[in-house]
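Structure record follows, encoded as structure tokens.
Heavy-atom basis, side chains included; hydrogens, waters and symmetry copies ignored.
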Amino acid sequence: MNLERAALMLMPMHLHVDAAGRVLSAGSTLQRMVGPVRDFDAAFEAVGPVAGASLAQLAAAERVFLRNRADPGQVLRGRAIALADGGLVFNLGLGIGLVEAIRNHELTDRDFAPSDLAMEFLFLHEANNAMMDELSQANLRLEEARRRAEAQAFTDPLTGLSNRRGLQLSFEALRQGTLHAAPGHFALVAMDLDRFKELNDSRGHAVGDAMLCEVAARLRGITRSCDTIARTGGDEFVLLLPGIADPAALEQLGRRIVRRIEAPARIAGAVSRISASLGVAISSRYARIDWSRMESDADAALYRAKREGEGLIRIAPGDHAEAGRGSSGA
């Protein structure tokens, strides 16, 4: 075996052509990729900086770029060396098409010269992809954990309603106009259960907890998706109702809530009954929206309702005392 032949065998991506462009030999890997090659011009097209170059010009170029005519998406790059007989020897590589070519043609380490770092680059590429996939999955897991932790931070664990922090978050969203709800003013309703302590003391905390969950379900059934329902204490609830500022409508809704809460509930094999009292603060009755002021006024109206009886609704006067004179009970 002469030196030239040995050199060509060590170049699995070589292409040997004579002066007329006839292919004399091609490396084993190149043949796997482009198939049998007999004529240079029929198989390849010079592109990029050497587009349209002759064989002699390709030999003088620092880099050659050859597009596989049978697979136009595949561009090989390398060097060409002129031989004494006018022929050329190309030593080609895969360039940026390395990963795709290896996958499409099922190439392995044996398809490259021992000195070729193609497989090492592939391993690095695959390792990088694996690392990025793992980072992406880790980020998704962290995001999911963050969402769960955030939901838990703003949710009452017993009833699944909002807690005080969740209620405050909804108020801030409403105030900033980011809550998907009816525009305009809103109502803040403080609700306390009547006769709940007696139920809790007589039948136990498990029954009391079940009743709280029943109340939560009934409130969900009577309110809108844009409303926020929060459990802020043992048997204390707060409703944030966007877009509702009419006292008559709020009293009507309050009476519906009381009737729903007063309906008998079968818990642990026995029927239990409770009621509810409500205090309402309406944002349109205030010159400036202040959460603490409205919450305090709604609580004061609630305490007034509880002092006056059971299952009553009272509306806070806000900044104008005469605004509350029409309030009535249920």
Spatial distance of atom CD1 (I229) from atom CG (L241) [nearest 0.5 Å]: 8.5 Å

Nearest atoms (heavy-atom pairs only) where A53 meets L58: CB-CD2, 3.8 Å

D194 (side chain) donor-acceptor with E310 (main chain) under 3.5 angstrom: no

L142 atom CG: more than 12 heavy-atom contacts under 6.0 Å: yes

Side-chain donor/acceptor of S277 to backbone N/O of L302, under 3.5 Å: no

Side chain proximity check, L240 to L188, heavy atoms < 4.5 angstrom: yes

Side chain to side chain donor-acceptor pair (under 3.5 Å) partners of N91, counting only residues at least two apart: none

With R218 via side chain to side chain donor-acceptor pair (under 3.5 Å) - residues at least two apart: E214

D192 vs Y303, side-chain contact (heavy atoms from CB on, under 4.5 Å): CA-CA, chis, key distance, verdict: CA-CA 9 Å; D192 192 75; Y303 296 144; over 6 Å; no

Main-chain N/O of G73 paired to N68 side chain as donor or acceptor, under 3.5 Å: no

Check: V64 and L92 side chains under 4.5 Å, non-hydrogen atoms: yes

Value rounded to 0.5 Å, distance of OG in S28 from NE2 in H14: 9.0 Å

Sequence neighbours excluded, every pair satisfying ring-ring contact (aromatic ring centres under 6.0 Å, His included) that has a member inside residues 36-64: F40-F44, F40-F90

Considering all heavy atoms, the nearest I313-E251 contact: CD1-O, 4.4 Å

Side chain to side chain, V37 and L30, heavy atoms closer than 4.5 Å: no

Heavy-atom pair with the smallest gap, counting every atom of A190 and D299: CB-OD1, 3.6 Å

Heavy-atom side-chain proximity of F171 to M294 below 4.5 angstrom: no

Side-chain donor/acceptor of R314 to backbone N/O of V280, under 3.5 Å: no

Nearest-0.5 Å distance that lies between atom CG in D227 and atom OG in S162: 11.0 Å

Of all pairs that satisfy side-chain hydrogen bond (donor to acceptor under 3.5 Å, both in side chains), the ones with a partner from residues 258-268, not counting sequence neighbours: E262-S275

Within one Ile-Leu-Val-Met-Phe-Trp-Tyr cluster: L169 and W291, side-chain cutoff 4.5 Å: no

Rounded distance (nearest 0.5 Å) linking atom CD1 of I267 with atom SG of C213: 9.0 Å

Pair R147-E144, salt bridge (Lys or Arg N to Asp or Glu O under 4.0 Å): steps then yes or no: CA-CA 5 Å; R147 284 197 295 265; E144 180 61 26; 2.7 Å; yes

Expected output: side-chain R195 to main-chain R273 donor-acceptor under 3.5 Å: yes

pair R288-R293: side-chain heavy atoms closer than 4.5 Å: no

Non-hydrogen side-chain atoms of H205 and N200 separated by less than 4.5 Å: yes

From CG (D71) to CG (L76), nearest 0.5 Å: 9.5 Å

Atom pair CD1 (I257) and OG1 (T223), whose distance is rounded to the nearest 0.5 Å: 7.5 Å

Heavy-atom check, side chain of D85 versus side chain of D18, under 4.5 Å: no

Heavy-atom side-chain proximity of R141 to Q137 below 4.5 angstrom: yes

F154-L219 co-clustered via ILVMFWY side chain contacts under 4.5 Å: no

Inter- and intrachain pairs under side-chain hydrogen bond (donor to acceptor under 3.5 Å, both in side chains), touching residues 230-250, at least two apart: D156-R231

I261 to A276 - nearest heavy-atom pair and separation: CG2-CB, 4.0 Å

Transitive ILVMFWY side-chain link L24 to L55, under 4.5 Å: no

Derivation and outcome, side-chain contact (heavy atoms from CB on, under 4.5 Å), residues L167 and F237: CA-CA 10 Å; L167 177 65; F237 297 80; over 6 Å; no

Residue pairs fulfilling salt bridge (charged side-chain N to carboxylate O under 4.0 Å, His left out) with at least one residue in residues 35-51, sequence neighbours excluded: E45-R67

Least distance between heavy atoms, T159 atom then L212 atom: CG2-O, 3.9 Å

Contact summary for R165 and A153, nearest pair of heavy atoms: NH1-CB, 3.7 Å

Expected output: side-chain R285 to main-chain A316 donor-acceptor under 3.5 Å: yes

